[in-house]
Amino acid sequence: MKKILVWLPLLLAVLLLCSCSRNLFTLDVLAQGEGGVLIEGDPLQKVPYGEEAVFTLRIPKGESVVQVFADDVLTDAYTLENNVLTMPDITSPCTIRIVSGVEKKREYWEADIHGTGGGSVVSNVQQGPVAVGSRVTLTAIPQDGAKFIGWSERFPLRSGGELLSEEEQLTVEITEFTFIIANFDTSGIPKKEEKPAPVPTYKTENTLTIYYNINGGDLINGSKVALETTFDTTYWDMPVAREDDGKLTRDGYVLLGYSYSPDGGELLRPGYRFLRQTDEKIIMLYCVWQKETDPSLFTVSDFNDTSVQIDKYNGTDPVVYIPRKIGGKKVLRIAEGAFAGNEHVTEVHITSSINAIEDGAFTDCPSLATITMYDAIQKVSDASFAGSPVKTLRLCAATTSRFANSYTSFGKKFERLVTTADQKRIVVVSGSSKYWGLDSDYMEELFGGEYAVVNYGTSVGMNILFFLEGVTSYLKEGDILVYCPEQYGQNAHHTNGNPELPSTTYQGISTSYNIVERVDMTRYTRVFDAYEEFSFTHHQMNSVSWDAYSSSMDRYGDYSKFRQELNFPDYLGTTMGQFRFDKTRIPSRFLPNMNRVLDAAAETGAAVLFSFPPHNQNAVLPEHLHNEEVYDSFMAFIDENVHARRISDLRNFVHEGQYFDDSDYHLGAVGRKFHTEQLARDLMAAGFGTVVIP
């Protein structure tokens with residue numbers, strides 16, 4: 001007993017000392033404001049170890065906090081309420097940098113960061129949508145033997161880009177679409193012995209030979225012989241109509257596309273996928289020519305020795321077919337004001353020779369509803385067509401595809417949409433969560449072959465609504481459309497009904513341009529701005545053949561490579577902020593646009609349903625996770641406001657981290673299986689088919 005009494009005071013003293021030392025162990029936290037934000041009071045705080053730092057901000061009217069950095073590392077581990085920013089769990093001295101920016105109609109811009117070869121670029125933010133006013137710090141890292149020579153914007157230095165800085169680290173403020181290039185001198189890199197590229201070989205039974213009959217025209221070399229191409233059908237079922245690269249010509253005419261008959265018929269536009277009318281290994285297509293608009297109706301000026309630009313169209317024809325050549329010179333550009341204010345023109349066919357449409361070229365044409373143009377165009381913007389109600393855009397190919405990666409998945413999905421037209425279909429529209437997490441083959445097996453499955457999901461960075469609208473025009477009675485919009489960024493950027501188009505939308509359709517003309521372009525913004533951004537990337541890449549595809553995709557266009565089966569329960573991947581389950585996930589300003597497309601889908605006779613993507617519970621806002629009231633409120637909001645029948649319970653789509661792989665949306669092998677089974681169960685419970693789960 002005496003021993004206990006002796007040790008008790010000593011134990012109390014130790015506990016008291018530990019408690020005091022914790023309070024005495026303080027850390028310096030310095031807050032700095034950038035943009036217009038100011039720190040009220042003392043910006044330097046002494047914070048006890050493990051406690052929170054609290055700063056009161058003075059944010060100018062019209063601005064908001066767009067970024068917070070802890071020691072120059074972008075973080076979202078903070079809360080901001082009533083201009084009070086709280087940074088929890090301070091365990092080391094640090095500097096908190098708070099950046100504010102002006103609220104604009106466009107909340108985000110794209111940050112596209114590249115190197116010219118010879119090195120790499122690291123950044124404090126991910127490439128993609130970045131909030132207006134954000135400050136991005138880039139560091140150039142030359143590879144062995146290379147030398148960094150400077151930063152440029154939009155174009156490499158060797159192509160006329162303007163030198164921004166020669167320092168290896170560059171900080172820029174994002175105020176518009178930004179394309180930053182790190183330029184490297186590669187002359188010091190040891191040369192590798194170059195081996196000749198292997199000659200591709202085709203299996204005879206998988207090769208389709210297509211002859212293009214000139215049908216009254218000429219090859220560019222004057223030959224009258226039909227042009228021959230081959231298409232490997234190992235992966236693709238639908239070939240692509242040949243690009244218009246200028247090799248097929250006819251004086252006084254423009255090439256519209258091709259047909260199975262020399263007398264016309266269904267028009268197969270350049271770059272469009274088409275159904276074969278025969279199982280034969282050889283088919284004949286005929287050029288379809290259209291007489292060009294009288295060249296005398298155009299005022300032109302020399303652009304260089306071999307080409308001209310159109311300065312003015314002086315005619316009143318409602319449909320204009322711009323000549324490929326005027327006065328023996330190639331038509332290369334359409335100048336500012338060339339068609340401006342023309343009240344007669346309703347449709348313009350812009351030939352594949354043209355690579356630039358200047359701002360103001362087609363402004364204030366009140367009847368201009370249809371534009372046909374080619375992906376040869378590198379300069380064009382929304383300002384080119386300001387005040388003109390262009391509803392239909394026909395985008396055609398002047399070159400072969402540049403994409404053989406996962407973006408070609410959309411070509412396969414479009415192919416399945418068309419080739420399964422005589423079957424009942426389950427068409428799922430979502431982002432990358434379904435590309436990685438839905439097994440279409442297994443889904444068909446679960447329904448015993450009653451439905452064909454078309455999984456229209458690849459990347460949430462594209463505009464999902466755009467693809468939903470394109471798909472809608474192919475639906476019919478008996479089909480099932482399942483809409484599963486993902487969360488993306490703080491303002492559901494590029495999803496959930498947002499009408500703004502990102503450049504990646506065009507990457508997805510570059511292997512199936514058909515779908516573009518099925519979309520009402522008057523319902524979307526940045527139609528041509530986004531195309532120009534896409535075009536810049538497109539023309540920096542090497543061409544691949546139309547039959548190229550990614551080895552990571554299966555015959556459904558799903559991701560098919562092995563995914564790790566299990567991760568660990570507290571795995572946290574990369575998301576743009578935390579998942580929230582409230583009405584801000586589908587902003588009210590976007591709802592009418594979303595419902596417009598869903599209503600159009602319902603008018604086809606298809607069943608229009610709503611489900612969810614999978615969510616890693618570790619990325620869910622803590623106060624929303626497993627909160628029954630929050631879950632029920634969010635689902636009630638969907639039921640009341642979204643014009644689609646909800647068939648799923650959100651609780652079944654929030655999972656432990658162990659089931660995810662490289663993202664909080666991307667499931668591994670085990671997760672993919674039960675996610676597919678869950679959606680099948682939900683469909684069966686809603687009255688669609690019978691599911692047999694082994």
Side-chain angles (χ1 to χ4, degrees), residues 406 409 413 425-448 451-460 464 480-488 495 552-554 556-569 571-575 579 581 585 609-620 625-626 631 634-635 638 644 646-686 688-694:
S406 62
S409 168
K413 298 171 195 306
R425 295 169 295 186
I426 298 172
V427 182
V428 181
V429 178
S430 186
S432 60
S433 65
K434 290 296 188 286
Y435 175 62
W436 303 97
L438 183 65
D439 188 333
S440 300
D441 195 2
Y442 184 39
M443 176 79 87
E444 288 186 355
E445 178 185 328
L446 292 175
F447 279 96
Y451 293 95
V453 174
V454 182
N455 177 13
Y456 242 99
T458 292
S459 172
V460 73
I464 292 176
I480 301 169
L481 175 68
V482 187
Y483 182 45
C484 314
E486 296 175 357
Q487 299 182 19
Y488 193 61
T495 186
S552 65
M553 295 185 306
D554 64 14
Y556 293 86
D558 296 344
Y559 186 87
S560 60
K561 278 193 172 181
F562 174 77
R563 305 288 287 174
Q564 64 182 46
E565 296 212 359
L566 294 173
N567 213 309
F568 44 93
Y571 166 79
L572 182 62
T574 56
T575 54
F579 296 139
F581 302 125
R585 296 306 87 197
L609 312 176
F610 189 100
S611 185
F612 300 98
H615 303 85
N616 182 352
Q617 67 179 24
N618 300 317
V620 176
L625 180 62
H626 303 320
Y631 287 1
F634 182 51
M635 289 188 287
I638 292 170
R646 180 177 58 83
I647 61 169
S648 298
D649 190 314
L650 177 59
R651 297 168 182 81
N652 296 327
F653 292 82
V654 180
H655 312 298
E656 292 184 1
Q658 63 181 319
Y659 298 112
F660 294 83
D661 193 352
D662 65 348
S663 161
D664 295 315
Y665 269 137
H666 298 168
L667 293 166
V670 172
R672 183 187 190 197
K673 182 175 183 294
F674 72 64
H675 182 70
T676 301
E677 291 173 347
Q678 183 62 57
L679 182 57
R681 287 191 189 95
D682 292 346
L683 285 165
M684 181 176 68
F688 301 100
T690 301
V691 175
V692 179
I693 297 179

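All values reported here derive from a predicted model rather than from experimental measurement. Values below: every heavy atom of this structure, side chains too, minus hydrogens, waters and symmetry copies.
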- Message: For I693 and R681: C-alpha separation, side-chain torsions, deciding distance, then whether side-chain contact (heavy atoms from CB on, under 4.5 Å) applies.
- Response: CA-CA 9 Å; I693 297 179; R681 287 191 189 95; 3.4 Å; yes
- Derivation of the side-chain contact (heavy atoms from CB on, under 4.5 Å) call for H615 and E486: CA-CA 9 Å; H615 303 85; E486 296 175 357; over 6 Å; no
- Plane angle bin for F581 and F634 - parallel if under 30°, tilted between 30 and 60°, otherwise perpendicular: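 Taking F581 first and then F634, their aromatic rings sit tilted (interplane angle of 30° to 60°).
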Is any side-chain heavy atom of [X] less than 4.5 Å from a side-chain heavy atom of [Y]?
{"X": "Q617", "Y": "E656", "result": "yes"}
{"X": "Y665", "Y": "F579", "result": "yes"}
{"X": "F612", "Y": "D649", "result": "no"}
{"X": "Y451", "Y": "V427", "result": "no"}
{"X": "L481", "Y": "I426", "result": "no"}
{"X": "Y571", "Y": "Q658", "result": "no"}
{"X": "M443", "Y": "E677", "result": "no"}
{"X": "F660", "Y": "N567", "result": "no"}

Exercise: identify the closest heavy-atom pair between [X] and [Y]:
{"X": "L572", "Y": "N618", "value": "CD1-O, 3.4 Å"}
{"X": "S409", "Y": "G457", "value": "OG-O, 4.4 Å"}
{"X": "V428", "Y": "C484", "value": "CG1-SG, 4.1 Å"}
{"X": "S433", "Y": "P613", "value": "OG-CB, 3.3 Å"}
{"X": "V482", "Y": "S611", "value": "CG1-CB, 3.8 Å"}
{"X": "F610", "Y": "I638", "value": "CE2-CD1, 3.6 Å"}

- Task: Evaluate side-chain contact (heavy atoms from CB on, under 4.5 Å) for V692 paired with L446, printing each intermediate quantity in order.
- Result: CA-CA 5 Å; V692 179; L446 292 175; over 6 Å; no
- Query: Taking the six-membered ring where the residue is Trp, are the ring centres of H675 and Y659 under 6.0 Å apart?
  - Reply: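 No: the rings miss the under 6.0 Å criterion.
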- With R563 via side-chain contact (heavy atoms from CB on, under 4.5 Å) - residues at least two apart: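 Residues passing side-chain contact (heavy atoms from CB on, under 4.5 Å) with R563: W436, Y559, D661, D662, H666.
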- Sequence neighbours excluded, which residues qualify as side-chain contact (heavy atoms from CB on, under 4.5 Å) partners of D554?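 With sequence neighbours excluded, D554 shows a side-chain contact (heavy atoms from CB on, under 4.5 Å) to Y556, D558, S560, R672, given in chain and number order.
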- Rounded to the nearest 0.5 Å, what's the gap from CZ on F674 to CG on N652? Could you check?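 One finds 10.0 Å between CZ of F674 and CG of N652.
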- Atom pair CG (L609) and CG (L683), whose distance is rounded to the nearest 0.5 Å: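 Interatomic distance, L609 CG to L683 CG, rounded to 0.5 Å: 6.5 Å.
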Between [X] (side chain only) and [Y] (backbone N and O only), is there a donor and an acceptor less than 3.5 Å apart?
{"X": "R646", "Y": "S648", "answer": "yes"}
{"X": "K434", "Y": "N455", "answer": "no"}
{"X": "E444", "Y": "V453", "answer": "yes"}
{"X": "S663", "Y": "G573", "answer": "no"}

- L679 and L438: CA distance, side-chain angles, deciding distance, side-chain contact (heavy atoms from CB on, under 4.5 Å) verdict: CA-CA 9 Å; L679 182 57; L438 183 65; 4.1 Å; yes
